[in-house]
**Student:** 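Sending over a structure as structure tokens; questions will come in a sec.
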There are 2 protein chains.
Amino acid sequence: MNFISRDTDYAWRALMFMAKNAGEGVVTVDEIVQEEYLPERFLRRIVQKLAKKGILVSHKGKKGGFSFAKSPGKISLIDIIKVFQGNVDFTNCLLKGKVCPNVKKCALRRKLQSISKTVDKELRGITIMSLLKGS
Amino acid sequence: MNFISRDTDYAWRALMFMAKNAGEGVVTVDEIVQEEYLPERFLRRIVQKLAKKGILVSHKGKKGGFSFAKSPGKISLIDIIKVFQGNVDFTNCLLKGKVCPNVKKCALRRKLQSISKTVDKELRGITIMSLLKGS
DNA sequence: TATTAATGATACTATAATAGTATTATTAAT
DNA sequence: ATTAATAATACTATTATAGTATCATTAATA
Ligand code: FES
Ligand code: FES
């Protein structure tokens, strides 16, 4: 059972690489691929998605590439997880496809929601910048 | 992105039902199905697995059914998640299928491992018994 | 303006996980 | 012997994961 998917992982590494090596500047996918040994076409799709979601800016044409749309200090792991894995849901109690009639008073659900909040907060605190400094 | 799978959810409900309605006694799958509206054949496989994993005891033959192998106070959500979803892994950094050369010094990994520990602890604290009382 | 070096969009594929169903065998009480 | 339970195992359908492949578009620059 994996919490972090491959896309999220690769995206994070690409972002870390960009922050470390280019700062505000533009980086091409090829550069990332060469340094991080990630599958090229797959990474292309990943950074394209990051651009669509407003985390990177894409620059087409010669001398193009990608740069940050937000400062690396404002990009947290929860943002990237949401891009590739959707909302993290610790409490998906279902009843044959319908919402459980129990939702409101279910004690398990309440507990899980509280854990969910904690995790969310922790993930929110992990930013590209913080890891760059902290490692 | 779901943290709890259907199996885990159904298993948990079955166990809650058993603890609430039978205590130490034997309960049949049919009884659970009727009260909890779960898909019968699927639930059969689920409780069979719980029996295999030492959480329930199965009693074959007439007047058979399932009973607890461990006291409901000692069955925690993490146990059930492990049965159906394997070990919870918050830190699955992979590099093209090989273990990342970075493993030891990776700051992200360290952070995620710490979150993982917290979640683990919380899930360990949620037992059938505690929810039965607490709700 | 033609070339080149970049991204964009979209479709395709393979494998595994999830969420079940179906069938036949075994066991134990009565 | 009958009956009421579980055991084992195989099957199926759908979705998620982890990619690959192809062709179009854009912008710098020689
Ligand atoms: S059983 Fe439905 S919300 Fe908990
Ligand atoms: S990048 Fe490999 S363990 Fe973090």
Side-chain angles (χ1 to χ4, degrees), chain A residues 1-11 13-14 18 22 25-34 37-53 56-67 69 81 83-89 92-98, chain B residues 1-11 13-14 18 22 25-34 37-53 56-67 69 81 83-89 92-98:
Chain A
M1 204 241 151
N2 287 331
F3 186 70
I4 304 281
S5 73
R6 214 56 89 80
D7 324 55
T8 302
D9 184 54
Y10 289 177
R13 284 198 238 176
M18 286 178 65
V26 168
V27 176
T28 70
V29 170
D30 284 330
E31 286 171 324
I32 304 171
V33 164
Q34 250 150 62
Y37 313 102
L38 304 175
E40 189 221 317
R41 288 166 194 279
F42 192 35
L43 188 63
R44 288 214 117 79
R45 261 203 353 195
I46 287 171
V47 292
Q48 276 170 25
K49 200 163 186 183
L50 289 173
K52 259 193 181 163
K53 297 287 182 169
L56 294 179
V57 178
S58 85
H59 307 272
K60 290 180 87 171
K62 209 171 179 178
K63 298 246 169 182
F66 292 88
S67 61
I81 290 176
V83 165
F84 296 101
Q85 302 172 245
N87 279 312
V88 177
D89 191 359
N92 70 325
C93 162
L94 298 171
L95 194 51
K96 284 186 174 167
K98 295 170 187 175
Chain B
M1 204 241 148
N2 287 332
F3 187 70
I4 305 280
S5 73
R6 213 58 88 81
D7 326 52
T8 303
D9 184 54
Y10 289 176
R13 283 197 239 178
M18 287 178 64
V26 168
V27 176
T28 69
V29 169
D30 283 330
E31 287 171 322
I32 305 172
V33 163
Q34 251 151 61
Y37 312 102
L38 303 175
E40 188 221 318
R41 287 165 195 280
F42 192 34
L43 187 64
R44 288 214 116 80
R45 262 204 351 195
I46 287 171
V47 292
Q48 274 171 25
K49 199 162 187 183
L50 288 174
K52 262 195 180 164
K53 297 288 181 169
L56 294 179
V57 178
S58 86
H59 307 271
K60 289 179 88 171
K62 208 172 180 177
K63 298 246 170 186
F66 292 88
S67 61
I81 290 176
V83 166
F84 297 100
Q85 304 172 244
N87 279 312
V88 176
D89 190 359
N92 72 325
C93 163
L94 298 173
L95 193 51
K96 284 184 172 166
K98 296 170 186 175

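Just so we're on the same page: letters track the sequence lines, and every chain starts at 1.
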**Student:** Select base, sugar-phosphate, or nothing to describe what B/Asp30 touches, counting heavy atoms under 4.0 Å on all strands.
**Tutor:**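 The answer is nothing, as B/Asp30 stays clear of every strand by at least 4.0 Å.
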
**Student:** Touch check for A/Val29, heavy atoms < 4.0 angstrom, all strands: base, sugar-phosphate only, or nothing?
**Tutor:**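 Touches sugar-phosphate only.
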
**Student:** Counting only side-chain heavy atoms from C-beta out, which of C/dA19, D/dA8, C/dA9 sits nearest to A/Lys52?
**Tutor:**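 The answer is C/dA9.
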
**Student:** Should A/Val29 and A/Phe66 be marked as a side-chain contact (heavy atoms from CB on, under 4.5 Å) after you check the CA-CA gap, both sets of side-chain angles, and the distance that decides it?
**Tutor:** CA-CA 8 Å; A/Val29 170; A/Phe66 292 88; 3.7 Å; yes

**Student:** Need to verify one output field. Residue with the more 5' nearest nucleotide on DNA chain C, A/Gly61 or A/Met1?
**Tutor:**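 Nearer the 5' end of the strand: A/Gly61.
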
**Student:** Give the nucleotide from the list D/dA28, C/dT23, D/dT25 with an atom nearest to the side chain of A/Lys60.
**Tutor:**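 The answer is D/dT25.
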
**Student:** Which nucleotide in the set C/dA28, D/dC11, C/dA11 lies at the smallest distance from any side-chain heavy atom of A/Arg45?
**Tutor:**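 Ranking C/dA28, D/dC11, C/dA11 by closest atom to the A/Arg45 side chain puts C/dA11 first.
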
**Student:** Would you say the side-chain atoms of B/Gln85 pair up with the backbone N or O of B/Ser5, donor to acceptor, closer than 3.5 Å?
**Tutor:**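 Between the backbone of B/Ser5 and the side chain of B/Gln85 there is a qualifying donor-acceptor contact (under 3.5 Å).
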
**Student:** Just how far, in rounded Å, is P of D/dT12 from CZ of B/Arg41?
**Tutor:**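 Between P of D/dT12 and CZ of B/Arg41: 15 Å.
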
**Student:** I need the CE-C1' distance between A/Met18 and C/dT7, as an integer number of Å.
**Tutor:**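 Nearest whole value for this atom pair: 13 Å.
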
**Student:** Rounding to an integer number of Å, can you tell me how far A/Lys49 NZ sits from C/dT7 C1'?
**Tutor:**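 In whole Å, C/dT7 C1' and A/Lys49 NZ are 17 Å from each other.
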
**Student:** Just to confirm, is there a sub-4.0 Å distance from OP1 or OP2 of D/dA7 to any side-chain nitrogen or oxygen of B/Ser58?
**Tutor:**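 Result: yes.
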
**Student:** With distance as the sole criterion, do the side chain of A/Arg44 and the base of C/dG8 form a donor-acceptor contact below 3.5 Å?
**Tutor:**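 Between C/dG8 and A/Arg44, which were checked side chain against base, a qualifying N/O pair under 3.5 Å is absent.
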
**Student:** To the nearest Å, give me how far apart CD (B/Gln48) and P (C/dT21) are.
**Tutor:**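 Result: 14 Å.
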
**Student:** Going by purine N1 to pyrimidine N3 plus the second Watson-Crick contact, or the G-U wobble pair, all under 3.5 Å, which nucleotide sits opposite D/dA30?
**Tutor:**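 Partner of D/dA30: C/dT1.
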
**Student:** In terms of side-chain heavy atoms of B/Pro39, which of C/dA29, D/dA28, C/dT21 is nearest?
**Tutor:**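 Between C/dA29, D/dA28, C/dT21, the one nearest the side chain of B/Pro39 would be C/dT21.
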
**Student:** What's the closest nucleotide to the side chain of B/Lys62 if the choices are C/dA22, D/dG19, D/dA4?
**Tutor:**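 Of the options given, the side chain of B/Lys62 lies nearest D/dA4.
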
**Student:** What is the distance, rounded to the nearest whole Å, between atom CD of A/Glu40 and atom C1' of D/dA18?
**Tutor:**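 Those two atoms, CD and C1', are 16 Å apart.
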
**Student:** Could you state the atom-to-atom distance from CZ of B/Phe84 to P of C/dA16 in whole Å?
**Tutor:**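 About 22 Å, once rounded to whole Å.
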
**Student:** Can you check side-chain contact (heavy atoms from CB on, under 4.5 Å) on A/Leu38 and A/Arg44, steps first, answer last?
**Tutor:** CA-CA 10 Å; A/Leu38 304 175; A/Arg44 288 214 117 79; over 6 Å; no

**Student:** Go nucleotide by nucleotide along DNA chain C from the 5' end; which of B/His59 and B/Phe42 gets its closest nucleotide reached first?
**Tutor:**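 Checking each residue's closest nucleotide, the 5'-ward one belongs to B/Phe42.
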
**Student:** Output the rounded distance in Å from CD1 (A/Ile46) to P (D/dG19).
**Tutor:**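 From A/Ile46 CD1 to D/dG19 P: 8 Å.
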
**Student:** Which nucleotide, if any, forms a Watson-Crick or G-U wobble pair with C/dT30, using both distances under 3.5 Å?
**Tutor:**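 C/dT30 is paired with D/dA1.
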
**Student:** Is any side-chain heavy atom of B/Phe84 closer than 4.5 Å to one of A/Met1?
**Tutor:**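 No, side chains not in contact.
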
**Student:** Within a strict 4.5 Å, meaning less than it, do heavy atoms of the B/Val83 and B/Lys49 side chains meet?
**Tutor:**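 In short, these two side chains touch, coming nearer than 4.5 Å.
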
**Student:** In this structure, how many angstroms lie between the P atom of C/dA17 and the CD atom of A/Gln85, rounded?
**Tutor:**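 Checked: the CD to P distance equals 16 Å.
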
**Student:** Respond yes when some side-chain nitrogen or oxygen of A/Tyr10 is under 4.0 Å from OP1 or OP2 of D/dG19, and no when none is.
**Tutor:**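 Result: yes.
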
**Student:** Could you measure the distance from the CD atom of B/Glu40 to the CG atom of B/Leu43? Nearest 0.5 Å is fine.
**Tutor:**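 Those atoms lie 8.5 Å apart.
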
**Student:** State which of D/dT6, C/dT21, C/dA19 makes the closest approach to the side chain of B/Thr28.
**Tutor:**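 Comparing D/dT6, C/dT21, C/dA19 against the side chain of B/Thr28, the answer is D/dT6.
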
**Student:** Which nucleotide sits closest to the side chain of B/Arg6: C/dG20, D/dG19, C/dT30?
**Tutor:**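 Closest nucleotide among those given: C/dG20.
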
